[in-house]
Amino acid sequence: MASSSLLVHRVCYIALFFTLCFAADPFVNFELEYSYITASPLGVPQQVVAVNGKFPGPILNVTTNYNVVVDVKNKLDEDLLVTWSGIQMRRTSWQDGVLGTNCPIPKGGWNFTYQFQVKDQIGSFFYAPSVNMQRAAGGFGSFIVTNRNIIPIPFSPPDGDIVIIIGDWYTRSHKTLRKDLDDGKQLGMPDGVLINGKGPYRYNTTLVPDGIDHETINVHPGKTYRVRVHNVGVSTCLNFRIQNHNLLLVETEGYYTSQQNYTSVDIHVGQSYTFLVTMDQNASSDYYIVASSRFVNQTIWQKVTGVGILHYSNSKGKAAGSLPDPPNDVYDTSYALNQAMSIRQNVSASGARPNPQGSFHYGQINVTDFYLLKSVPPVSIDGKLRATFNGISFKNPVTPIRLADLYYVKGDYKLDFPTKPMNRPPKVDTSIINATYKGFIEIVLQNNDTVVQSFHMDGYSFFVVGMGFGEWTENNRGSYNRWDAISRSTTQVFPGGWTAVLVSLDNVGVWNLRAENLDRWYLGQETYMRIINPEDHSNKTEMPVPDNALYCGALASMQKQQKVSSATTLFGSSELFFTLLLVLSAVISLVS
């Protein structure tokens, strides 16, 4: 049993958390236990990472401005961190769940309680492991932030919600994939594509073996459903389509889009989309749901196709025949680029706040800093295969960056990340970007690699203002969309091309910039932005280090052995726990 002083200390810290996050906002509590289970999604028994015994993990559904408490227990045989793709973690990069900001949760049943507010956000996101390539084995799930009732959505309320998680899949374990990369090998072609953790429907008896369980989505005729789709795969862009049904795009990664119908949409690794799909067909049979690989040789990659079933309640038979066609030329990146740039922000719709999304006139703001991040195919550095931005392959510091700042750990990292490619041999380093608080920066991603890459930024959404092929030049700024560019946290960069984004740096902390392609990320294609407000001496723009922070590296001696598995066990129930939090928050508010 914890001592009374420890009890008060912990409660007061978390009460402070809720006070800083506005105590009037509701809270929600989740418990996620990570463990291994055996599954056979492609007909081959293998070890996958389950969450609460499920693969994929449970859907976490919250509302704008909710205070979210997630207790994660690690029952894997290796360290774990969970990151929340697209959740901005306002003022608290301590909760971001990547190695530059958090010590990992040790194996052997240790836990860590994430505490954050989904401040001014709505939309479709996901959570997933961020270390050791564990996402290649599972551990992911959907994270949905719904609007407050007082904020209208820019479409009629749907009749139901459907979540579809897609991704390429290997029957080799994530540890084997890791070893392959460590040995200088490429991962090679995936063994298939999963839809909600299941293999393909047997649409072709040659390509799909018997006995594979497939996903079936049950619907009713005449109804309209909100369909949220996440690509959580390793490295493959997937074209998503539903046979004979239009996909009305309405939102992506937290921002409402101009509403357009598509017959299919390319969804790149790490991206999330929300569609409205109306069940307007005659249900003469079931319909195929397809996620197929893009920008690869389809003759060789034909089996890398996920197939599920859309089943009307009045369906007259099983789906049969050929799959609906993908875009005409799987190598036609021009078509893909035009589709990407057709996705624009709905400037008149309200997002998480009553004011229209377009009220932030990003196109009229002067750029304060410019970064050109160039990627090339993986190279050998000191005999090891590595991936780079601007010739630097990132090595995570031994001590997380903000912890190193707080405790004056010297030499942990360097604030010398180059603003453009340097004419020097590539190297492994801990270089990060020394960004300016309240700056407005332009980042050009130049992809001289041979594969489509996904680029992700934690802590922010950015405006995707331009894409093109060839080497970026200043003349390309003339083609930028400065009015209704979509704002999102993950964008594609086509091989031999560039993508330009603009972002306002108003979120203090240390934030990860990375390739979402797991192989490139694992090989070092990432860095961090360190954004500090030098005038903040009272934790107004950045929350203090959490009381339950884990310590490692130079600070490992500060870490105490855990005696309880969850903060709520100190009180016996989560209801009593949160009641005490609210009471203490109210007291603190009155006193202050």
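Worth saying up front: this structure is predicted, and the values here are computed from it rather than measured. Sequential numbering from 1 along the given sequence is applied to the chain's residues.
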Relative to the ring of W511, is the ring of Y460 parallel (under 30°), tilted (30 to 60°) or perpendicular (over 60°)? perpendicular
When you compare the side chain of L238 with that of V193, does any pair of heavy atoms fall below 4.5 Å? yes
Under 3.5 Å, is there a donor-acceptor pair between the N67 and D25 side chains? no
For residues H174 and E78, is any side-chain donor paired with an opposing acceptor at under 3.5 Å? yes
Does any pair with a residue in residues 93-111 pass salt bridge (Lys or Arg N to Asp or Glu O under 4.0 Å), and if so which ones, sequence neighbours excluded? none
If you round to the nearest 0.5 Å, how far is CG of N231 from CG of D168? 7.0 Å
Is there a donor in the side chain of Y407 and an acceptor in the side chain of Y551, or the other way round, less than 3.5 Å apart? yes
Candidate pair V49 and F140, rule side-chain contact (heavy atoms from CB on, under 4.5 Å), full reasoning: CA-CA 9 Å; V49 176; F140 41 72; over 6 Å; no
Indicate yes or no: at least one non-hydrogen side-chain atom of V219 is less than 4.5 angstrom from one of I162. yes
Answer with yes or no after comparing the ring centroid distance for F463 and Y362 against a 6.0 Å cut-off, counting only values under it. yes
For side chain to side chain donor-acceptor pair (under 3.5 Å), just list the numbers for D71 and T113, CA-CA rounded to whole Å, side-chain angles, deciding distance to a tenth of an Å, and then say yes or no. CA-CA 4 Å; D71 188 68; T113 302; 2.5 Å; yes
Looking at residues at least two apart in the chain, or sitting in another chain, which of them share a side chain to side chain contact (heavy atoms under 4.5 Å, CB included) with D79? P104, P106
Closest non-hydrogen atom pair between I166 and A291, with its separation: CG2-CB, 4.0 Å
Residues pairing under disulfide bond (SG atoms under 2.5 Å apart) where one sits in residues 80-113, two or more places apart or in two chains, turn out to be C103-C552
Restricting to side chain to side chain contact (heavy atoms under 4.5 Å, CB included), what partner residues turn up for D213, sequence neighbours left out? K198
Are L518 and S235 side-chain neighbours, meaning at least one heavy-atom pair lies under 4.5 Å? no
Test your reading of the model: is there a side-chain donor-acceptor pair from Q562 to the backbone of N111, 3.5 Å cut-off? yes
Begin from the C-alpha positions of L32 and V82 and carry the test side-chain contact (heavy atoms from CB on, under 4.5 Å) through to its verdict. CA-CA 10 Å; L32 302 181; V82 178; 5.5 Å; no
Does atom CZ of R353 have more than 12 heavy-atom neighbours from other groups under 6.0 Å away? no
Show every disulfide bond (SG atoms under 2.5 Å apart) that has at least one partner inside residues 131-168, sequence neighbours left out. none
To the closest 0.5 Å, what do you measure between CZ (R520) and CG (L181)? 9.0 Å
Contacts of H268 that satisfy ring-ring contact (aromatic ring centres under 6.0 Å, His included) - sequence neighbours left out: F494
No-hydrogen, no-angle side-chain donor-acceptor test under 3.5 Å, T63 and T146: yes
Pair R514 + D458: basic N to acidic O under 4.0 Å: yes
Salt bridge present between R402 and D412 (N-O < 4.0 angstrom): no
Would you call the rings of Y114 and F112 parallel, tilted or perpendicular, where under 30° means parallel and over 60° means perpendicular? perpendicular
Is the shortest heavy-atom distance from the side chain of T490 to the side chain of F455 under 4.5 Å? no
For F240 and F275, take the angle between the two ring planes, folded into 0 to 90°, and tell me which bin it lands in: parallel under 30, tilted 30 to 60, perpendicular over 60. parallel
For L505 and M529, which heavy atoms make the closest approach, and how far apart are they? CD2-CE, 4.0 Å
Within the structure provided, determine whether T101 and W94 are in side-chain contact (heavy-atom separation under 4.5 Å). no
Can you tell me how the ring of Y256 sits relative to the ring of F155, calling it parallel under 30°, perpendicular over 60° and tilted otherwise? perpendicular
What closest approach, in Å, do P41 and A39 show between heavy atoms, and which atom pair accounts for it? CD-C, 3.4 Å
A50 versus G53, closest heavy-atom pair with distance: CB-C, 3.8 Å
side-chain contact (heavy atoms from CB on, under 4.5 Å), that's the test. Do V72 and I105 meet it? Break it down for me. CA-CA 9 Å; V72 174; I105 307 169; 3.9 Å; yes
Under the ring pair (Phe, Tyr, Trp, His ring centres under 6.0 Å) test against F55, which residue among Y34, W169, Y36 passes? W169
In plain terms, say whether R90 and E542 are close enough for a salt bridge, that is, a side-chain N and a carboxylate O under 4.0 Å apart. no
E251 side-chain N/O to I122 backbone N/O, donor-acceptor pair under 3.5 Å: no
Not counting sequence neighbours, which residues clear ring-ring contact (aromatic ring centres under 6.0 Å, His included) with F462? List them please. none
Is the gap between the ring centers of F394 and Y528 under 6.0 Å? yes
ring-ring contact (aromatic ring centres under 6.0 Å, His included) partners of Y522, counting only residues at least two apart: none
Would you check if there is a donor-acceptor pair between the side chains of S348 and N346 at a distance under 3.5 Å? yes
Can you name the residues that form a side chain to side chain contact (heavy atoms under 4.5 Å, CB included) with Q121, not counting sequence neighbours? I87, Q88, F125
Please find the pair of heavy atoms, one from Q95 and one from N102, that lie closest to each other, and give the distance. C-OD1, 4.2 Å
To the nearest 0.5 Å, how far apart are CG in D161 and CD1 in I144? 6.0 Å
For residues W521 and E526, is any side-chain donor paired with an opposing acceptor at under 3.5 Å? yes
Under 3.5 Å side-chain donor-acceptor pair for Y413 and N396: no
Using only heavy-atom distances, determine whether the side chains of T252 and R488 contain a donor-acceptor pair under 3.5 Å. yes
If only atom types and distance count, is the side chain of T436 paired as donor or acceptor with the main-chain N or O of G439 below 3.5 Å? no
Give the intermediate values and the outcome of side-chain contact (heavy atoms from CB on, under 4.5 Å) for residues L177 and Y170. CA-CA 9 Å; L177 296 177; Y170 292 84; 4.0 Å; yes
Any pair counted as salt bridge (Lys or Arg N to Asp or Glu O under 4.0 Å), so long as it reaches residues 123-135, sequence neighbours left out: R135-E516
For the student: nearest non-hydrogen atoms of V269 and V234, plus distance: CG1-O, 4.0 Å
Between N512 (side chain only) and T527 (backbone N and O only), is there a donor and an acceptor less than 3.5 Å apart? yes
Residue set satisfying side chain to side chain contact (heavy atoms under 4.5 Å, CB included) with S272, at least two apart, ordered chain then number -> S124, F126, H230, E253
Please name all residues satisfying side chain to side chain donor-acceptor pair (under 3.5 Å) with S350, sequence neighbours left out, ordered by chain then number. none
Pair R226 + D159: basic N to acidic O under 4.0 Å: no
